[in-house]
Amino acid sequence: MSGGPRVRSMNVADSEVRPVLGPAGNKTMRSLSARKPASKPLRKAEKATEDDEEVKAFPSSNGAASSPPSHSVSASSMLRRQEQLLHSNLSLNASCSSDASTDSFHSRASTGRITRSSSTARRRPYTSKPRVIVSGDMSEPPPDGLKTKRRCAWVTPNTDPSYIAFHDEEWGCPVHDDKKLFELLVLSGALAELSWPTILSKRHIFREVFANFDPIAVAKLNEKKLTAPGSVASSLISELKLRAIIENARQISKVIDEFGSFEEYIWSFVNHKPIVSRFRYPRQVPVKTPKADVISKDLVRRGFRSVGPTVIYSFMQVAGMTNDHLISCFRFQDCVAAAEVKEEEITTGGAEEKKSNVIESELSRAIDELSFSSE
């Protein structure tokens with residue numbers, strides 16, 4: 001039986017070729033085996049050559065052996081040719097590697113330093129520039145609502161413009177006029193049923209119905225006509241509030257007769273000087289205070305209606321008796337400055353009044369002396 005095909009290894013081929021080649025061939029093979037093996041195509045060529053040499057080395061079928069000199073010459077020439085090919089491949093690889101290293105050296109040396117360059121370049125940080133709206137070669141200024149005015153936190157961009165104007169011009173500014181104080185007292189009482197934007201939108205109607213808030217004229221109004229169904233006043237607030245306004249006007253007239261003015265009476269509770277709260281946050285602003293409770297009780301004792309502590313504190317805020325603007329609001333310092341100016345006027349007016357009283361007393365004394373000397 002014939003077995004499977006046997007693959008002859010390179011080592012076996014070498015051992016079989018050595019006795020045929022003789023001393024010269026053995027030396028050549030030792031020098032080749034000591035060198036670095038070549039690439040795969042070269043190995044295949046060597047294997048094919050060795051196979052041919054083995055076929056030539058075996059004797060023919062008729063028993064006649066070939067002549068050794070011819071075989072040794074052909075084998076040695078083949079080996080020299082392979083050795084030249086191997087030397088040429090090695091020299092080609094060495095030259096390519098040296099050229100590559102030289103090119104890389106020159107490219108790095110051209111930059112002035114022989115170091116490995118960073119593969120990633122540094123990026124400059126991006127800085128955003130402010131946008132400028134330009135139309136028709138002219139830059140547009142920001143709208144009024146976007147100006148850098150810091151207001152109290154309860155005034156937002158969505159707040160009604162009338163309330164914003166009210167906050168910027170009236171709320172917290174000290175008021176010393178009797179008609180104005182009566183108006184603010186009426187509007188503060190209406191807060192129990194309406195909001196500030198609604199009240200401000202109907203402010204002109206309030207002034208028409210209540211005779212520009214003249215206490216004497218309002219005290220003379222007819223309650224039945226004022227509170228009749230379908231009247232203009234009845235569309236503003238409830239009947240209870242309308243009756244309270246007329247009664248409060250009558251009581252203010254009595255206070256004016258007693259103190260000379262309603263302003264003198266109401267500002268005496270704070271020593272004619274606003275209370276500066278200096279709040280930082282909206283949550284710190286109270287709904288009522290002990291001072292408001294004291295004023296409310298005195299007003300109720302005098303016959304006023306709908307003047308609870310909450311209504312009175314709202315009145316104190318809007319009339320400037322207390323400065324509840326947040327310290328971050330631009331109106332805080334404005335109200336403080338307005339209060340200082342008013343205080344100086346009161347002090348100057350008091351000094352002039354004292355001086356006039358002294359002059360009058362001296363004149364009366366001089367007249368008395370003249371009359372006594374004439375007698």
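Nothing here was measured: the structure is a model prediction, and the numbers come from that model.
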Begin with the C-alpha distance, continue with both residues' side-chain angles, and end with the deciding distance and a verdict on side chain to side chain contact (heavy atoms under 4.5 Å, CB included) for Glu170 and Lys180. CA-CA 11 Å; Glu170 296 185 53; Lys180 187 74 172 178; 3.2 Å; yes

**OP:** Could you tell me whether the side chain of Gln284 and the main chain of Tyr281 form a donor-acceptor pair under 3.5 Å?
**Re:** yes

Heavy-atom closest pair (His325 atom, Trp171 atom, distance to 0.1 Å) is NE2-O, 2.7 Å

So CG of Leu200 and CG of Leu187: to nearest 0.5 Å the spacing works out to 7.5 Å

Residues Pro174 and Trp267: closest non-hydrogen pair is CB-CH2, 4.0 Å

Value for NZ (Lys288) from CD1 (Ile312), rounded to nearest 0.5 Å, stands at 12.5 Å

(message) Is there a path of hydrophobic side-chain contacts, each under 4.5 Å between heavy atoms, that joins Val276 and Phe330?
(response) no

Is it the case that the side chain of Arg207 and the backbone of Asn212 share a donor-acceptor pair, with hydrogens and angles ignored and the cut-off at 3.5 Å?
no

Derivation and outcome, side chain to side chain contact (heavy atoms under 4.5 Å, CB included), residues Ile295 and Phe315: CA-CA 11 Å; Ile295 298 173; Phe315 167 73; over 6 Å; no

Here the gap from Arg151 atom CZ to Arg331 atom CZ, rounded to the nearest 0.5 Å, amounts to 10.5 Å

Please check this pair: side chain of Asp178 against backbone of Glu263, looking for a donor-acceptor N/O pair closer than 3.5 Å. yes

Sub-3.5 Å donor-acceptor pair from the side chain of Ser188 to the main-chain atoms of Leu184, do we have one?
yes

request  = Decide yes or no for Lys291 and Met316: does some side-chain heavy atom of the first lie under 4.5 Å from some side-chain heavy atom of the second?
outcome  = yes

*asked:* Within the supplied structure, the quantity of interest is the number of heavy atoms (other residues, nucleotides, ligands) at a distance under 6.0 Å from Arg203 CZ; does it exceed 12?
replied: yes

* For residues Phe279 and Cys152, determine if any side-chain heavy atom of one lies less than 4.5 Å from a side-chain heavy atom of the other. => no

Heavy atoms from other residues, nucleotides or ligands near CD1 of Ile216 exceed 12 (cutoff 6.0 Å): no

The reported gap from CD1 in Ile237 to CG in Leu191 (rounded to nearest 0.5 angstrom) is 11.0 Å

Taking every heavy atom of Cys329 against every heavy atom of His167, the minimum-distance pair comes out as SG-CE1, 3.5 Å

Show the atom names and distances, to 0.1 Å, of all donor-acceptor pairs under 3.5 Å that link a side chain in residues 247-259 to residues at least two apart or in another chain.
{"from": "Glu247", "atom 1": "OE1", "to": "Arg250", "atom 2": "NH1", "distance (Å)": "3.4"}
{"from": "Glu247", "atom 1": "OE2", "to": "Gln251", "atom 2": "NE2", "distance (Å)": "2.9"}
{"from": "Asn248", "atom 1": "OD1", "to": "Arg305", "atom 2": "N", "distance (Å)": "2.8"}
{"from": "Asn248", "atom 1": "ND2", "to": "Ala244", "atom 2": "O", "distance (Å)": "3.2"}
{"from": "Asn248", "atom 1": "ND2", "to": "Arg305", "atom 2": "O", "distance (Å)": "3.1"}
{"from": "Arg250", "atom 1": "NE", "to": "Ala219", "atom 2": "O", "distance (Å)": "3.4"}
{"from": "Ser253", "atom 1": "OG", "to": "Ala249", "atom 2": "O", "distance (Å)": "3.1"}
{"from": "Glu258", "atom 1": "OE1", "to": "Arg302", "atom 2": "NH1", "distance (Å)": "2.9"}

Is there a donor-acceptor contact under 3.5 Å from the side chain of Ser296 to the main chain of Val307? yes

When every non-hydrogen atom of Val209 is compared with those of Leu221, the smallest separation belongs to O-CD1, 4.0 Å

Q) Are Tyr163 and Phe332 joined in one hydrophobic group, where the rule is that I, L, V, M, F, W and Y side chains link up if heavy atoms are under 4.5 Å apart? A) no

TODO: Name the orientation class of the two ring planes belonging to Tyr265 and Phe262 (parallel below 30°, tilted from 30 to 60°, perpendicular beyond 60°).
DONE: tilted

Q | Cluster link Val300 to Val311, ILVMFWY, side chain under 4.5 Å | A | no

- prompt: Is it the case that one hydrophobic cluster holds both Phe269 and Val318, taking links as side-chain heavy atoms less than 4.5 Å apart, direct or via other members?
  reply: yes

| Does Asp293 reach the main-chain N or O of Pro309 with its side chain, forming a donor-acceptor pair under 3.5 Å? | no

| task | Step by step, work out the side chain to side chain contact (heavy atoms under 4.5 Å, CB included) result for Val218 and Phe213. | result | CA-CA 7 Å; Val218 174; Phe213 294 100; 5.7 Å; no

Flag, side chain of Asn271 to backbone of Lys273, donor-acceptor distance under 3.5 Å = no

Closest non-hydrogen contact found for Lys202 with Ser235 is NZ-O, 4.1 Å

Q. Relative to the ring of Phe166, is the ring of Trp196 parallel (under 30°), tilted (30 to 60°) or perpendicular (over 60°)?
A. tilted

Discussion item. In this structure, would Leu240 and Leu299 fall into the same cluster of hydrophobic residues linked by side-chain contacts under 4.5 Å?
Written reply: no

CG (Leu226) and CD1 (Ile246) are apart, to the nearest 0.5 Å, by 4.5 Å

Could you tell me whether a side-chain N or O of Ser234 sits under 3.5 Å from a main-chain N or O of Pro229, the two making a donor and an acceptor?
no

Start with the C-alpha gap between Thr322 and Ser277, add the side-chain angles, then the distance that decides, and say whether side chain to side chain contact (heavy atoms under 4.5 Å, CB included) holds. CA-CA 7 Å; Thr322 177; Ser277 301; 3.5 Å; yes

One should read off an interatomic distance between Glu208 CD and Leu236 CG, to the nearest 0.5 angstrom, of 10.0 Å

Donor-acceptor side-chain pairing of Thr198 and Ser201 below 3.5 angstrom: no

Tightest non-hydrogen contact, residues Gly172 and Cys335, listed as O-SG, 3.3 Å

Checklist entry - Do side-chain atoms of Glu193 reach the backbone of Ser238 as a donor and acceptor pair under 3.5 angstrom? => result yes

Any salt bridge linking Lys179 with Glu183? Criterion: basic side-chain nitrogen under 4.0 Å from a carboxylate oxygen.
no

